[in-house]
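Working notes, structure below.
Position 1 is the first residue of the sequence, and the numbers go up from there.
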Amino acid sequence: GPATEDVQQQIADINTAIASHAAGILVYPIDYTTIGPVLKKAQAVGIPVVLGNGDSVDRSIRNAFVGTSNVQFGQTAADLIGKLVLGQGEVGVVTQLALNHQQRVQGFKQELKAKYPNIKVASVVTSDGSPTGEERAGSGLIQGNPGLTAIWTSDAGSGVVARAVKLAGKAGKLIVVGSDRDPEELQAIKTGEVAATIVQDTYAEEYLSLYDLYWLHNKLVDVPDTM
């Protein structure tokens with residue numbers, strides 16, 4: 001938790017876990033700087049902390065990191081977009097403020113600049129990650145950039161953004177590529193409203209994180225700094 005990008009609520013949730021003497025905490029931080037002190041508070045009382053999906057520059061706030069390279073994730077998305085638009089056009093991005101999403105966008109821009117000089121990133125807009133926020137961001141992106149040829153969402157909101165594309169009368173004209181997976185996104189891929197999605201191995205990520213926390217809590221073995 002939380003369901004949206006609410007840093008203070010995430011801190012409150014971690015404080016609740018500390019108060020309930022949790023055996024370990026797996027967290028996907030929204031803001032690594034703001035959340036740092038409460039994670040150190042957890043560590044100070046013996047609760048191991050594992051970060052998932054995006055690592056912190058300050059590694060002292062966690063015991064281990066399990067996840068993907070988000071920069072490489074963005075690069076993969078850029079390569080897919082590059083092929084779908086045949087190396088030219090304008091691309092819009094719907095993302096979130098969390099560091100892992102910003103790293104994805106960083107990799108996306110770097111790859112386009114290096115390999116696809118005829119593709120322009122017309123605009124990058126942020127949402128709070130909720131369906132309403134995703135659709136609003138997608139609609140604003142489309143209205144503000146009439147020359148778009150493709151949209152990439154750095155999270156699982158591409159199904160919602162595809163809905164905004166359809167409402168704007170651009171279904172079949174504007175390519176949508178997503179990230180991660182959720183039921184609406186997968187259904188939109190089946191219907192052709194979303195061209196594709198980039199997915200990390202979330203099962204392995206959380207499975208290995210749980211093992212890390214088990215080993216750390218029971219002091220059985222040292223765990224790798226990064227997986």
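- Across K173 and G169, no two heavy atoms sit closer than the pair NZ-O, 4.0 Å.
- For Q9 and D13, the side-chain atoms include at least one donor-acceptor pair closer than 3.5 Å.
- Aromatic ring pairs are classed by plane angle as parallel below 30°, tilted from 30° to 60° and perpendicular above 60°; the pair Y203 and Y207 is parallel.
- Scanning all heavy atoms of the two residues, the minimum distance from P224 to A64 falls at O-CB, 3.6 Å.
- F108 meets the ring pair (Phe, Tyr, Trp, His ring centres under 6.0 Å) test with W152; sequence neighbours excluded.
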Please test V194 against V177 for side chain to side chain contact (heavy atoms under 4.5 Å, CB included), starting from the C-alpha separation and ending with a verdict. CA-CA 6 Å; V194 172; V177 172; 5.8 Å; no
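- Remark: L86 engages no residue in a side chain to side chain contact (heavy atoms under 4.5 Å, CB included) (not counting sequence neighbours).
- Put simply, the side chain of D182 gets close to the backbone of E185: a donor and an acceptor are under 3.5 Å apart.
- Under the salt bridge (charged side-chain N to carboxylate O under 4.0 Å, His left out) criterion, the residue pairs touching residues 213-227 are R59-D225, R62-D225, with sequence neighbours excluded.
- One N or O on the side chain of H217 and one on the backbone of A23 form a donor-acceptor pair closer than 3.5 Å.
- Looking at D155 and E134, their side chains come closer than 4.5 Å, going by heavy atoms from C-beta outward.
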Please tabulate, for side-chain N and O atoms in residues 33-44, each donor-acceptor pair with protein atoms closer than 3.5 Å (sequence neighbours left out).
{"residue": "T34", "atom": "OG1", "partner": "D31", "partner atom": "OD1", "Å": "3.3"}
{"residue": "T34", "atom": "OG1", "partner": "D31", "partner atom": "OD2", "Å": "3.3"}
{"residue": "K40", "atom": "NZ", "partner": "S60", "partner atom": "OG", "Å": "3.4"}
{"residue": "K41", "atom": "NZ", "partner": "N15", "partner atom": "OD1", "Å": "2.9"}
{"residue": "Q43", "atom": "NE2", "partner": "N63", "partner atom": "OD1", "Å": "3.3"}

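- The same ILVMFWY cluster, assembled from side-chain heavy atoms under 4.5 Å apart, contains both V91 and F73.
- Among residues two or more places apart in sequence or in another chain, the side chain to side chain contact (heavy atoms under 4.5 Å, CB included) test is passed with L26 by Y28, V50, E206, S209, L213.
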Side chain to side chain contact (heavy atoms under 4.5 Å, CB included) between Q187 and T191, intermediate numbers included: CA-CA 6 Å; Q187 181 59 33; T191 61; 3.6 Å; yes
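- Checking side-chain atoms of N70 against main-chain N and O of N53 turns up a donor-acceptor pair under 3.5 Å.
- In this structure, V125 and V93 have side chains that are not in contact, with every pair of non-hydrogen atoms separated by 4.5 Å or more.
- The neighbour count for Q110 CD, taken as heavy atoms of other residues, nucleotides or ligands under 6.0 Å away, is above 12.
- For the pair P29/L51, a side-chain contact is recorded, criterion being any heavy-atom separation below 4.5 Å from C-beta on.
- A salt bridge (charged side-chain N to carboxylate O under 4.0 Å, His left out) check over residues 112-131, counting only residues at least two apart or in different chains, returns the pairs D79-K115, E111-K115.
- Take Q102 and apply the side chain to side chain contact (heavy atoms under 4.5 Å, CB included) test, not counting sequence neighbours, and it matches T95.
- The side chain to side chain contact (heavy atoms under 4.5 Å, CB included) test applied to L174 returns I142, L148, I151, V165, K170, not counting sequence neighbours.
- Counting heavy atoms from C-beta on, the side chains of V176 and E193 never come closer than 4.5 Å.
- In this structure, V94 is not a member of the same hydrophobic cluster as V121, with clusters built from ILVMFWY side-chain heavy atoms closer than 4.5 Å.
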Would you please test F65 and M227 for side chain to side chain contact (heavy atoms under 4.5 Å, CB included) and show each step? CA-CA 6 Å; F65 165 67; M227 277 191 187; over 6 Å; no
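- With sequence neighbours left out, the ring pair (Phe, Tyr, Trp, His ring centres under 6.0 Å) criterion links Y214 to no other residue.
- Note: T68 OG1 to N100 CG = 8.0 Å, rounded to the nearest 0.5 Å.
- Legend: residues meeting salt bridge (Lys or Arg N to Asp or Glu O under 4.0 Å) with R163, ordered by chain and number and at least two apart, are E135, E184.
- To the nearest 0.5 Å, atoms OG (S154) and CD (Q96) are separated by 6.0 Å.
- Looking at residues two or more places apart in sequence or on another chain, you find no salt bridge (Lys or Arg N to Asp or Glu O under 4.0 Å) involving E205.
- Proximity of V124 to K109: side-chain heavy atoms (C-beta onward) are separated by under 4.5 Å at one or more points.
- Summarising the geometry, atom CG belonging to L141 is positioned 5.5 Å from atom OG belonging to S123; distances are rounded to the nearest 0.5 Å.
- Residues L99 and L97 do not share a hydrophobic cluster, defined by chaining ILVMFWY side chains whose heavy atoms lie under 4.5 Å apart.
- Across all their heavy atoms, G24 and I47 have their closest contact at CA-CG2, 3.8 Å.
- Side chains of I189 and T197 form a contact here, defined as non-hydrogen atoms less than 4.5 Å apart.
- Rounding to the nearest 0.5 Å gives a distance of 8.5 Å between CD of Q200 and OG of S179.
- Of all the heavy atoms in G87 and Y116, the pair that sits closest is CA-CD2, 4.3 Å.
- Sorted by first and then second residue, the pairs that involve residues 82-104 and meet salt bridge (charged side-chain N to carboxylate O under 4.0 Å, His left out), not counting sequence neighbours, are R104-D180.
- Note that the OG atom of S158 and the CD1 atom of I198 stand 10.0 Å from one another [nearest 0.5 Å].
- Pairing each heavy atom of A188 with each of G159, the nearest pair is CB-CA, 4.1 Å.
- Linking Ile, Leu, Val, Met, Phe, Trp and Tyr residues whenever their side-chain heavy atoms come within less than 4.5 Å places I14 and Y32 in a single cluster.
- Hydrophobic cluster membership differs between L216 and I25, with clusters built from Ile, Leu, Val, Met, Phe, Trp and Tyr side chains linked at under 4.5 angstrom.
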